[in-house]
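Lettering of chains follows the sequences in order, A, B, ..., and the numbering in each one begins at 1.
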Number of protein chains: 2
Amino acid sequence: MSPVTIRDVATRLNLSITTVSRALDGYADVAAATRARVETAAREMGYAPSHMARQMRRQRTDAIGFVIPVTRKLEGGSRAFADPYFSEFIAGLGDEATRHRLDLLVSVATEEDEQPIYERWARGRRVDGFVLNRMRAHDWRARFLLRNSLPFVANGREIGEVTYPFIEVDSRSGFSQLVAHLAGLGHRRIAYIGGLPNLRSQSDRLSGYRAGLKKAGIAFDKRLVAAGDLTRQGGYLAALELLQRAPRPTALIGMNDMTALGAMRAANELGLQVGRDVAIAGFDGIDDGAHASPPLTTLIQPAYSIARQSVQMLVALINGDPIVERQIVLQPELVARASTLGTS
Amino acid sequence: MSPVTIRDVATRLNLSITTVSRALDGYADVAAATRARVETAAREMGYAPSHMARQMRRQRTDAIGFVIPVTRKLEGGSRAFADPYFSEFIAGLGDEATRHRLDLLVSVATEEDEQPIYERWARGRRVDGFVLNRMRAHDWRARFLLRNSLPFVANGREIGEVTYPFIEVDSRSGFSQLVAHLAGLGHRRIAYIGGLPNLRSQSDRLSGYRAGLKKAGIAFDKRLVAAGDLTRQGGYLAALELLQRAPRPTALIGMNDMTALGAMRAANELGLQVGRDVAIAGFDGIDDGAHASPPLTTLIQPAYSIARQSVQMLVALINGDPIVERQIVLQPELVARASTLGTS
DNA sequence: AGTCCAGTCCAAAACGTTTTGGGTATCCGC
DNA sequence: GCGGATACCCAAAACGTTTTGGACTGGACT
């Protein structure tokens with residue numbers, strides 16, 4: 001059962017390996033009869049070209065890399081990416097990758113552990129390109145990959161002018177909308193639970209929040225801003241504190257849905273009914289939000305299709321094809337549900 | 001910025017590529033001084049061996065493959081693996097893989113689409129081994145991989161005698177425990193929401209359920225058994241129906257946590273308070289269950305560490321190392337929470 | 001009867017490593 | 001001053017493809 005090589009096929013047919021290769025690759029300079037012989041022989045012998053050898057020759061790996069970000073280690077050394085946003089994202093990457101006959105290499109790492117992985121993949125030329133996610137305000141990954149001239153598509157972007165291709169959701173305008181939504185429902189004390197300060201999206205979303213307040217004629221109050229860490233637990237803790245402050249906020253916006261779901265739990269524990277006693281909203285549009293009780297008001301960013309588009313762009317970059325749009329900004333879609341509207 | 005090869009390093013130092021290779025690989029037959037020269041030169045030039053070439057020579061890919069199972073396509077062609085169980089599992093695979101300097105190749109596929117992926121990876125010798133999950137009662141993958149003599153570790157196993165290595169959670173005994181737990185709380189009408197009939201775990205869990213009933217002296221009633229599809233939606237629909245049957249079941253067991261969470265939602269919608277009006281329990285121990293309101297009673301199966309162990313076994317298989325335990329059966333841990341205990 | 005062309009086929013190079021099987025000094029003991 | 005060990009180094013093969021640059025037929029056209 002040792003793997004059958006192109007040479008085996010060639011000797012069996014008394015042909016050169018060149019001809020076998022060309023026959024299978026559909027070149028025009030092989031006789032129809034020969035091609036047929038080669039094809040049946042290959043099928044019978046169970047021949048498939050060795051991916052390694054092919055890569056070696058073509059100087060391509062036919063693989064793209066994605067490092068799943070994870071905020072912290074769980075106790076006991078265990079570590080999980082709790083955010084279903086990434087499940088959707090990975091599904092998108094996987095689907096689009098197989099469509100292009102690419103393989104998807106993944107790894108799971110915190111921000112501190114990620115560097116060796118990128119280096120290993122880049123240095124060892126293990127992948128043809130990268131998809132980057134959760135961009136930081138200043139992100140060494142972009143510079144590293146540019147320096148090594150490895151193609152990548154970013155999901156979000158750093159602060160300042162940026163030349164590399166990215167797909168981004170305009171979370172600034174999203175959060176502004178969200179505040180407008182809440183203000184429209186009569187809320188004046190709208191709190192915000194942010195995330196890791198070095199994330200680009202953190203500053204965007206916070207500034208969207210502030211812009212929204214301004215538009216609604218509400219003064220910004222920094223005591224209404226708390227820090228989470230993008231996890232449910234982070235949102236839970238932050239909300240627990242916020243909701244026990246002197247004039248209690250009547251509405252809570254989480255930087256992402258997981259944060260908001262954690263906040264919902266905190267509200268429950270304090271005996272507050274979400275949607276009636278306190279409004280809570282998030283950002284992402286994950287499934288769990290839609291199925292929570294009450295269902296969570298959120299801004300939907302289409303993780304699945306963003307992932308697919310990212311792969312498409314990346315493929316174009318790798319092949320050197322012209323790219324129509326190198327820098328895409330999508331608008332999130334506000335979906336108002338019972339967590340802000342009350343029983344509906 | 002074109003990649004620097006071993007030859008570049010060699011010519012710069014007036015050494016043979018052999019010596020450079022051996023110096024970097026730590027062989028004894030290279031002078032200490034030379035090794036030092038090589039090492040600094042390599043570092044300065046940013047040399048790292050090409051993974052492709054190394055694989056080619058060693059006839060190893062240093063990668064393992066995992067196909068994430070997904071039950072159904074969502075509307076709009078989109079597809080996601082909604083089950084956080086797999087997030088944890090993948091995190092475990094990823095962590096352990098990097099510990100062994102292996103790469104993890106993933107793909108996302110429904111049961112119908114998976115075959116080409118396995119074939120591509122196996123035929124093209126893209127990976128050194130596989131981790132299999134969600135084993136079916138009769139699973140072509142095991143036979144396919146055995147036939148092609150590719151190492152793999154199964155998570156669960158097929159029906160009947162099985163020779164390949166696997167790690168399994170004894171869900172039969174788990175479900176029996178779960179029924180005992182509910183019976184102990186006074187429940188007599190305990191319903192069961194199952195899953196896809198071809199899954200091995202389906203028959204195990206159902207038979208555990210029946211064994212539990214028997215032990216508790218409760219007659220099996222097939223009208224209390226419904227079919228889900230392992231998703232939240234499936235659980236929701238099944239529960240909606242079950243809870244509207246003539247003598248309403250007082251307890252619901254979901255085949256997995258997602259099913260149970262869906263059932264909780266159905267109960268809510270019907271105005272039933274989970275934990276008081278109806279008890280609900282699941283299986284998996286995912287995070288969302290612990291954070292649901294009320295928190296979900298469940299049987300914890302340690303996805304993260306199962307995944308890590310699977311990789312460890314797989315590595316041993318690949319290297320031909322002796323394996324202490326080829327077939328591991330773990331006991332799930334019953335965690336009783338408010339969804340069956342009531343307010344606690 | 002040469003020239004050209006289309007139709008088939010192939011030998012050899014190349015991709016970047018690791019490993020095999022030596023080769024050449026240098027040094028030691030006698 | 002010689003045999004043999006020791007320390008260091010290297011040429012070449014091999015891994016399995018794809019691609020380059022022809023080579024060899026016949027037949028058609030001058």
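Judged purely by atom type and a 3.5 angstrom limit, D95(B) has no side-chain atom pairing as donor or acceptor with the backbone of G92(B). No donor-acceptor pair under 3.5 Å is formed between the side chain of N319(A) and the backbone N or O of D321(A).
Look at Q59(A) and you'll find a side-chain N or O under 4.0 angstrom from OP1 or OP2 of dG16(C). Listed pair R7(B) / dG16(C) fails the phosphate criterion, with no side-chain N or O lying under 4.0 Å from OP1 or OP2. Neither OP1 nor OP2 of dT19(D) sits under 4.0 Å from any side-chain N or O of S21(A). Using a 4.0 Å cut-off, no side-chain N or O of Y27(B) falls inside it from OP1 or OP2 of dA7(D).
Listed nucleotides dT20(C), dT19(D), dG16(D) differ in distance to R22(A); the shortest reach to its side chain belongs to dT19(D). Comparing dT17(C), dC10(C), dC15(D) against the side chain of M56(B) picks out dC15(D) as the nearest. Comparing dC9(C), dT17(D), dA11(D) by their nearest atom to the side chain of P49(A) picks out dT17(D). Taking the side chain of A53(B) as heavy atoms from C-beta on, and the options dG16(C), dC9(C), dT17(D), the nearest nucleotide is dG16(C). Nearest nucleotide to the A31(A) side chain, out of dT8(C), dT17(C), dC8(D): dT8(C). Of the candidate nucleotides dT17(D), dT17(C), dC9(C), dC9(C) has the atom nearest to the side chain of D29(A).
Atom NE2 in H51(A) sits about 14 Å away from atom C1' in dT18(D), given to the nearest Å. Here dT17(D) presents its P atom at 14 Å from CZ of R126(B), a figure rounded to the nearest Å. Between the P atom of dG16(C) and the CZ atom of R58(B) lies a distance of 17 Å, rounded to the nearest Å.
With hydrogens and angles left out, the side-chain atoms of R143(A) and N148(A) include no donor and acceptor closer than 3.5 Å. T18(B) and S21(B) share no side-chain donor-acceptor pair at under 3.5 Å. R125(B) and Q55(B) share no side-chain donor-acceptor pair at under 3.5 Å.
Judged by distance alone, with hydrogens and angles left aside, T18(A) brings a side-chain donor or acceptor within reach of the base of dA11(C), the pair sitting under 3.5 Å. One can find a donor-acceptor pair under 3.5 Å joining the base of dT18(C) and the side-chain atoms of R57(B).
Backbone-only contact: L15(A) has heavy atoms under 4.0 Å from sugar-phosphate atoms and none from a base.
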